[in-house]
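In the text below, chain A, chain B and the rest are named by the order of the sequence lines, each starting its count at 1.
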Amino acid sequence: MAEYEPVIGLEIHVQLQTRTKMFCGCELSFGDPPNTHTCPVCLGLPGALPVINEQAVRYATMIGLAFECEIARRSLFHRKNYFYPDSPKGYQISQYDEPICRGGRLDDVRIHRAHLEEDAAKLEHVSESGRIHGAERSVVDFNRCGTPLVEIVTEPDVRSPEHAREWLTLLRATLKALGVSDVDMSQGSLRVDANVSVRRVGTPELGVKTELKNMNSFRFLERGIKAEVERQVKLLKSDGAVELETLHFDPATGNLTPLRSKEEAHDYRYFPEPDLMPLEVSDDLFASARDALPELPAARADRFESELGLPAARARELAFRGELGDYFERVVAASSDGPTPSELANWIPQLVERIGSDADPASSRVSPESIATLAAMVHAREVSRDAAREVLTRLVSEGGDARAIIETEDLGALGDDGALGEIVDRALASDPSAAESVRVGNERALGPLVGYVMRETKGRADGGEVRRLILERLGAE
Amino acid sequence: MSELIEFTAAEAAARVRARDIDAGELFEAYRERAAGDELNAFTWVAPESPTVTADGPLGGVPFAAKDLFCTEGIPSQAGSRILEGYRPPYTATVVRKLSDAGAPLLGKTNQDEFAMGSSTENSGFGPALNPWDRARVPGGSSGGSAAAVAAGLAPWAIGTDTGGSIRQPAALCGIVGMKPTYGACSRYGMIAFASSLDQAGPLTRDVTDAALLLSKMVGRDVLDSTSLEFPGEIALPRADDLKGIRLGVPEELTGAEGGVEPGVRKSFEQTLALAEQLGAKVEPCRLPHAPHALSAYYLIAPAEASANLARFDGVRYGLRVGGEAGLTEMYNRTRAQGFGAEVKRRIMLGTYALSSGYYDAYYGTAQKVRTKISDDFRAAFERFDFVVTPTSPWVAFELGAKTDDPLAMYLNDFCTVPMPLAGIPAISIPSGLSDGLPVGFQLAGPAFSEQRLLEAAFALEQSIGFDGSPARG
Amino acid sequence: MLDRDQVLHVARLARLELTDPEVERMASELSHVLDHIEKIRELDLTGVAPTAHVVDAAGPLRADEPVECLDRDAVLAAAPAPVDGGFGVPSPGQAPA
């Protein structure tokens, strides 16, 4: 029904988890007193020269391999020239038209390129109240300056704000699995900008795109993209035109504001970095990168599907978030015969629902063993599914042992057919019209009848069993 | 005291090691002379003599370093007001190596601002003067180093050469100057002008001193990604003839186009004749793209410089002006006030050459011309051991004679610019006088041919017998 | 062939404030130099690769081992406006240009 569709590309900056900076031996740090991890190179002192960090190259190669990119055995660094206080040399050493990684894909989004560069310093705005004239002051801390970054640019294959969030979740899980970054948006080790445009559905041309920057979480990014798409559609529908600009989304107000005035595009005057030789990825380095690749989310999803028998969607759901996949595998390990892995897998979303979708199950009070126990008990009909879910809720808030809670709270399944049968009879008597509906084949009327029984049994009855008994009583099948 | 300064550096080093002379006295002799410098050759002189050890191959013989070498705690200004009084927190690798080899630092020498110039008139601290005639320039950009060595204010010195900045002042001051192969010496701690061209090198009284000093300067540095392993060790030269040496004379650089002065031409030809007497074969050779070297150079060097000098922004060190008016004003005014006219010109030229729409036509094209120049030399070295030219088309000119026309000043480098573009080494030795002023003879060889260059230069030097001293007052 | 507007544009890129007489002088001096330099554009350079690095060799990479860094006092010693351990600067009005 939509007239317009969003066309989104993402630009991701990943801070690498090396020990030292991209071009000098200063240690990486976070939160230390300002300017305590600096040297002539990262301060841009006169006469200083850059030297490439081998581990950063290895990590970039691993990222490229994980995204099925073509790894350039020989690539070039370029100077990207611009003046800003967070850029001590007046240029950033980056890669331009000969990057280390080209092409590739992650799930259904193609990667355009990935390259190495150095991070800028941190600029903090300090407002000086009481000053009448003159500029506000900023203070520069060079501890971060020179941290290795990999910039990943996608093709405009992202189709919606939700897709952006989902895909970024996979990206994050993949990078985390690689061990190349702690990918923490709140600490700035993962930064994402979005290029957003819209076009009429069915047309191949791309519309004018705007750039959304400085969003601190995937959720804010999703909302920001949504807001921008809406803005653009509204503009186009009223015969306006989208202008090339950079915008900031404020999640508190939902407003989009231009970050830069509409001046000419930057002239970065790129030229090959004369202080660095061409970057060569030797056979040894390439091999060590390839050998260091762990099982990545996409492969893990395949394994969950083919070896553990999970349905495709569930397999992806668990594999694409590292923490979920890890936790699930621990549940499987803690489980003996009884529930299938697929049944075990169904408990994870239940847990996620209760702890919040951004939380790590491993940090919750629910041990993988508890999940395994619950699943086993449900499988053996020792407890109803509904009761088990209630136990899970308890475990989340209080921790403890599943079996113990069931015993203490007397949540064990009603195995006694007689007692249950009696309650079923009462249900049918209480709502004859529903009973009649079911008898003539309207399955939907089962709802209120089952509900009655569940309420009466405080959820301890097994839902499936209740339905069976009702249908049996009514002679309907 | 004054006999101490008569020894060449190598002689002095040998005598110090033999305990004939005292290293401390040697330092003090030079320190006093440097402190009394009337040529504005020095921007800083050691206030007192350090405890000089006689250890080390350089025998405690002090050296002067061009202002742009970072020397910890000691002013390193690259001849610029934007760095006036700047004391770096670290020392350049080459300076450290020389200190480790036993040569203490005597002083920092005057230079054209950021090594941009051929006369030292672009210094932010006043020009240096030529000891042969104080109304004339010593050349540049390492003019202070050249003047100091020529006037006996320092036994030897280091400078940098990007388009001729060691060789040309050496020629104008009647001393020896050498630019090694690109990558032979570390650039770490050398305040950069043009990264792909800059090289450190010696300025000395004779070829033997040049060999000795250079031998301790070369070597790969982990802090400089463009530095290379130097094959073997540089030994003091001993050749006494040029038998079997083939010298190529490129008409492009020695003919009318270079504008070589008659007196210089004469000295050059006399030296060629001497070379033949020593057994060399002298023949014309072709470097077809050499006439375009200057143009390529004046696109590549300013382009790299425009980026290298962007760090001078008033944020972390050096001059800051206009901070109260806002960030952009701070940048604009700091740089306007701190940089001299020539530096601004080259920054503008370089920025333009890299700017959107012009990169291919200017910087891109210049880098292709550079390839052709390298190819020309490679072809020439298949037939010749060395390419020889006059170092400078003319002798030292008067202060102010060329400051009105930038292009006229650029032409100083006509014969010296092709070698850095190709990354190859070259040495200048004094070949005689013209109207009482020194003339330089240049030999250039393939990459890492320093030893052979020094040998050939030594043999010629012995034969020329140049009396290298302007009156040592 | 460099006019006033071009000079001003380049000066803006290079963060150089030029007085009006300087702008004029710069325009004429640079044009004069460029006239001479321009001649290289007449050369036939088809198929010639640009020299990005005069030595065609890859450099060894640096091991990811921490090295002692500078003492903060040394770092701030030359700072024109040190503030609480950092470098004070006027605030940028907007994002980098």
Contact winner vs chain C - [options], heavy-atom pairs under 4.5 Å:
| options | value |
| --- | --- |
| B:Y90, B:Y182, B:Y363, B:Y297 | B:Y182 |
| B:L349, B:I347, B:T226, B:L319 | B:L349 |
| B:M330, B:R333, B:R316 | B:R316 |
| B:K372, B:H289, B:Q337 | B:K372 |
| B:A366, B:S355, B:A361, B:S374 | B:A361 |

Using non-hydrogen atoms and a 4.5 Å limit, figure out which bit of [X] sits close to chain C: side chain, backbone, both or neither.
| X | answer |
| --- | --- |
| B:F339 | side chain |
| B:A310 | neither |
| B:A422 | backbone |
| B:R87 | neither |
| B:L309 | neither |
| B:S306 | neither |
| B:D313 | neither |
| B:Y86 | side chain |
| B:V315 | both |

With a 6.0 Å cut-off (strictly less than), is the heavy-atom count around CD of C:E24, excluding the residue itself, greater than 12?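 Result for CD/C:E24: open.
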For atom CG of C:D84, decide whether the heavy atoms of other residues, nucleotides or ligands shown that lie under 6.0 angstrom number more than 12.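 No, the 6.0 Å shell around CG holds no more than 12 heavy atoms from other groups.
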When heavy-atom pairs shorter than 4.5 Å are enumerated against chain B, which of [options] gives the highest number?
| options | answer |
| --- | --- |
| C:V33, C:I40, C:L18, C:L30 | C:I40 |
| C:V75, C:L2, C:L76, C:D71 | C:L2 |
| C:P80, C:A11, C:P60, C:A77 | C:P80 |

Which distance, rounded to the nearest 0.5 Å, do you find between the [atom1] of [X] and the [atom2] of [Y]?
| X | Y | atom1 | atom2 | result |
| --- | --- | --- | --- | --- |
| B:I373 | C:T51 | CD1 | OG1 | 9.0 Å |
| B:Y410 | C:H36 | OH | NE2 | 11.5 Å |
| B:K344 | C:E17 | NZ | CD | 9.0 Å |
| B:S295 | C:R41 | OG | CZ | 12.5 Å |
| B:Y358 | C:Q6 | OH | CD | 4.5 Å |
| B:L299 | C:I37 | CG | CD1 | 4.5 Å |

Strictly distance-based, threshold 3.5 Å: is any side-chain N or O of C:R15 a donor or acceptor partner for the main-chain N or O of B:T334?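 Not at all, since once roles are kept as given, no pair shorter than 3.5 Å links the two residues.
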So what's closer than 4.5 Å to chain B heavy atoms on [X]: side chain, backbone, both or neither?
| X | value |
| --- | --- |
| C:V10 | both |
| C:L43 | side chain |
| C:A14 | both |
| C:L34 | side chain |

Show the numbers, then the answer: is there a side-chain contact (heavy atoms from CB on, under 4.5 Å) between C:L45 and B:T365? CA-CA 8 Å; C:L45 297 167; B:T365 302; 3.6 Å; yes
After noting the C-alpha distance and the side-chain angles of B:M348 and C:E29, does the key distance pass the side-chain contact (heavy atoms from CB on, under 4.5 Å) rule? CA-CA 11 Å; B:M348 294 285 291; C:E29 280 170 351; over 6 Å; no
Quick one: closest heavy-atom pair of B:G364 and C:P50, and the distance?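 Here B:G364 and C:P50 meet closest at O-CB, 4.4 Å.
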Does any non-hydrogen side-chain atom of B:E329 lie less than 4.5 Å from one of C:P90?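 SC-SC contact between C:P90 and B:E329 ruled out.
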